[in-house]
Student: 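Quick one: the structure is below, and I'll ask about it shortly.
As a basis for the values below, the full set of heavy atoms in this structure was taken, side chains included, without hydrogen atoms, waters or symmetry mates.
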Amino acid sequence: MFNLSSRKIFLLIACACVLLMGYAFFAQYVLHYEPCMLCMVQRVFVCAVGLVSLIAVLHGPGRVGTRVYGLLAALMAVGGAYIAGRHVYLQHLPPEQLEGCAPSFEYALDNYGALQFLKTIFIRDQDCGVIDWTFLGQSMPAWVFLCFVVLFVASLWAGFRRA
C-alpha cells in the first residue's frame, strides 16, 4: 500500500494543495469568510508547496533532484506552519491584548514597499484574532497548521525515502 514512488507522493502533495486552495476559495466566495492578511500568507505557502511538488512531478528528477524538491517543499511547509501557528496564537490571545488592525491585504500591496508590506504581516491584527469558523472545535488556521505538518512530513518522505 505504501509502495509509492517519490513522483506519486509529490503528485499527491500537489493535489492536496489544490484541494486546500479550493476550499479556501469556497470559504471566501461561497461561505463569505473574508481572509485576513495571515490567511493570505498561508495561501501563498500552500501554493508554494504545491508548485514545488508539481515541478517535481513534471521534472521527474534523479535521487539528488528528488531530495532538493523534497527539501524545498518541506521548507515551504515550515514557513506556512510558522504563519499558521502565529495565527492560532493570535486567536488565543485575550481581545484586550490585540493591538489594533493591520491594513487590508490589497491596501498594503498597493501602498507599501516590499519591506513595509512584510512588516505589516506580523502586526497583531484584531481580524486575525477572530474565530468565525470551526470544525471539531478547531479554527481554520489550526487545521491549516495541521495540514502544513502533514505536507512537511510527506515532502520529506517523498524526497528522502529509500527506493
Student: Which pair of heavy atoms, one from R161 and one from S5, lies closest together, and at what distance?
Tutor: NH1-CA, 3.8 Å
Student: Suppose we screen for side-chain contact (heavy atoms from CB on, under 4.5 Å). Which residues come up paired with L156, at least two apart in sequence or across chains?
Tutor: A74, F152, F160
Student: Does any part of the side chain of C17, heavy atoms only, come nearer than 4.5 Å to the side chain of L151, both counted from C-beta?
Tutor: yes
Student: Is there a path of hydrophobic side-chain contacts, each under 4.5 Å between heavy atoms of I/L/V/M/F/W/Y residues, joining M140 to F25?
Tutor: yes
Student: Quick one: closest heavy-atom pair of M76 and V49, and the distance?
Tutor: CB-CG2, 3.5 Å
Student: Return yes if some donor-acceptor pair links the side-chain N/O of R43 with the main-chain N/O of M21 below 3.5 Å, else return no.
Tutor: no
Student: In terms of hydrophobic clustering (I, L, V, M, F, W, Y; side-chain heavy atoms under 4.5 Å; direct or indirect links), are L75 and V52 co-clustered?
Tutor: no
Student: Of the options V46, V78, L20, which is the one that meets F148 in a side-chain contact (heavy atoms from CB on, under 4.5 Å)?
Tutor: V46
Student: Who pairs with F26 by side-chain contact (heavy atoms from CB on, under 4.5 Å), at least two apart in sequence or on another chain?
Tutor: Y23, V30, L31
Student: Would the H59 and Y69 ring centres measure less than 6.0 Å apart?
Tutor: yes
Student: Tell me the ring-ring contact (aromatic ring centres under 6.0 Å, His included) pairs involving residues 34-54, sequence neighbours left out?
Tutor: none
Student: Could you tell me which non-hydrogen atom of A56 sits nearest to which non-hydrogen atom of P61, and how far apart they are?
Tutor: O-CD, 3.4 Å
Student: Which atom pair, heavy atoms only, marks the closest approach of A158 to S6?
Tutor: O-OG, 2.6 Å
Student: For G159 versus R67, what's the shortest heavy-atom pair and its separation?
Tutor: O-CG, 3.0 Å
Student: At their closest point, which heavy atom of I83 faces which heavy atom of Q42, and how far apart are they?
Tutor: CG2-CG, 3.7 Å
